[in-house]
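Take a look at the structure below.
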Amino acid sequence: MEHRSVPTRAGVFAPVFRQKRGQGADVADAPQRADEDRLAEAVGLAAAIDLEVVASGIVSGAKPRPSTLIGEGKVEELKGIVAAEEIGLVIFDHPLTPVQQRNLEKELNAKVLDRTGLILEIFGRRARTKEGRLQVELAHLNYQRGRLVRSWTHLERQRGGAGFLGGPGETQIESDRRQLQEKIKRLEKELDAVRRTRTLHRAKRKKAPHPVVALVGYTNAGKSTLFNQITGAGVMAQDLLFATLDPTLRRITLPHGAEVIFSDTVGFISDLPTHLVAAFRATLEEVIEAELILHVRDMANPDASAQASDVRRILRSLDIDVDDPDHVVEVWNKVDLLDEDARAHLETVRESLIEGQTAHLVSAVTGEGIDGLLNTVENRVAGALSEMHIDVPTDGMPILPWLYENAAVLEREDGDDGRVRLTVEMTAQARTDFARMQARYPGVGVS
């Protein structure tokens, strides 16, 4: 008889404090996310690792308390909910210090995770490549460096020993800090070796004239679905936060013959801890090296503006100029989920963009708008299209297949003498390649 594990019953709570924390100008100017939306996202994060969320809510207070984050009255209130709902795991959508985590576990008589711990657990589930698994384990150990307590044993029975830190007995951090530090050093050494391999692969790609186009966006914006629509790659694409972790690369030929490499990257998220960004920097290197970045946005999400601000902030931290329209193109996804009024509003907003900026309304599910997007990609990486008239004599016929493959043939006229006259559109890159081809067939004329 097959044994099916019982999912952990969880409670998800979003602490909100009236006293604002100090914020930089970049954060202060960003659209503020509604408390209800924050809570909904936290519940979505919990669902991404198959937790059974039986209670959730916003916990308000005047200011964070050093001992338990939230006030005594709120702790007692949560204690009653945990007991009544038989909750084994309580998730706080807020950073917790080691002291706060231990005190809350003692008071609530349940395992407690903060936002960082939950994201790490999701990353552990999603990592598929060796590099991804090493990055997750390293980030986890650095997170636990100051938290030498039993950690996440509530999830062992769900993973059946297949989690990112191994089975029972391996998920808790060693009590000895020296052993912990040795493990971190070993992982860093392994990760460096994997990164060197990735660098070599990237260097080989650079020798081939194929620009990289990176898809970035908030988690669950539809990047992987769009990637599949464009490349037919079959990458995992589900309505889950962080469905994709490891970068995936595919080479495709664009409508007018230019070849590019599309890269699907990890989804971004708000309040991503600094050490987590550092641990996954190698994953984001595909974005740093990209010739063109497509910022994919979920326009059906009421939080779209706040999510876009979070993505831009992370891109800026990678020294990427998010305001350069030649380098970053906005892709407004999921328009199939919008009503007519919402679509009309988006069209108005798009028309009001400053000169040079581009936004494409697309549906990664239906394919709407994809052709226009690919034309823009081709213009950005291979140069603008221009019309050419080409006269091909009989001894130049071998050039015809190349023209049909690398240019858009608008008109064709076959002469009685066997000559072929074509009207084509070519990118700047294709024109350069054509000039080399033309040298082999001197009779081919261009006007």
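Values reported hereafter were calculated over all heavy atoms of this structure, with side chains retained and with hydrogens, waters and symmetry mates removed.
A side chain to side chain donor-acceptor pair (under 3.5 Å) check over residues 389-398, counting only residues at least two apart or in different chains, returns the pairs H389-T423, D391-R419. Under the salt bridge (charged side-chain N to carboxylate O under 4.0 Å, His left out) criterion, the residue pairs touching residues 359-368 are R343-E368, with sequence neighbours excluded.
For D336, the side chain to side chain contact (heavy atoms under 4.5 Å, CB included) partners at least two apart in sequence or on another chain are K334, S363, V365, T366. Partners of E190 under the salt bridge (Lys or Arg N to Asp or Glu O under 4.0 Å) rule, at least two apart in sequence or in another chain, are R186. In this view, E52 and R9 satisfy the salt bridge (Lys or Arg N to Asp or Glu O under 4.0 Å) rule, not counting sequence neighbours. Every side chain to side chain contact (heavy atoms under 4.5 Å, CB included) that E330 has, sequence neighbours left out, goes to H295, R297, R312, W332, A359.
For the pairing with Y218, the side chain to side chain donor-acceptor pair (under 3.5 Å) check across E41, Q307, K223 returns one residue only, E41. Among L96, V59, T97, the one residue that satisfies the side-chain contact (heavy atoms from CB on, under 4.5 Å) test with L69 is L96.
Residue L292 comes nearest to D326 through the heavy atom pair CD1-O, 3.6 Å, listed as atom of the first residue, atom of the second, then distance. Minimum interatomic distance between L51 and A10 (heavy atoms only, all atoms of both residues): CB-CB, 4.2 Å. Contact between D303 and N301 at its shortest, heavy atoms only, is N-OD1, 2.7 Å. Contact record, A364 with N333: N-OD1, 3.0 Å, taken as the closest heavy-atom pair.
The pair E137-K183 counts as a salt bridge, with a side-chain nitrogen and a carboxylate oxygen less than 4.0 angstrom apart. Looking at D433 and R436, a side-chain N of the basic residue comes within less than 4.0 Å of a carboxylate O on the acidic one, giving a salt bridge. Between E188 and K185, no side-chain nitrogen of the basic residue sits less than 4.0 Å from a carboxylate oxygen of the acidic one, so the salt-bridge criterion is not met.
Using a 4.5 Å cut-off on side-chain heavy atoms (C-beta onward), Y441 and V392 make no contact. Residues T348 and R350 form no side-chain contact, since every pair of their non-hydrogen atoms from C-beta on lies 4.5 Å or further apart.
In this structure, F92 and F13 have tilted ring planes: the angle between them lies in the 30° to 60° band.
Counting non-hydrogen atoms of other residues, nucleotides and ligands closer than 6.0 Å to CG of D192 gives a total above 12.
Side chains of R251 and T231: no donor on one and acceptor on the other come within 3.5 Å.
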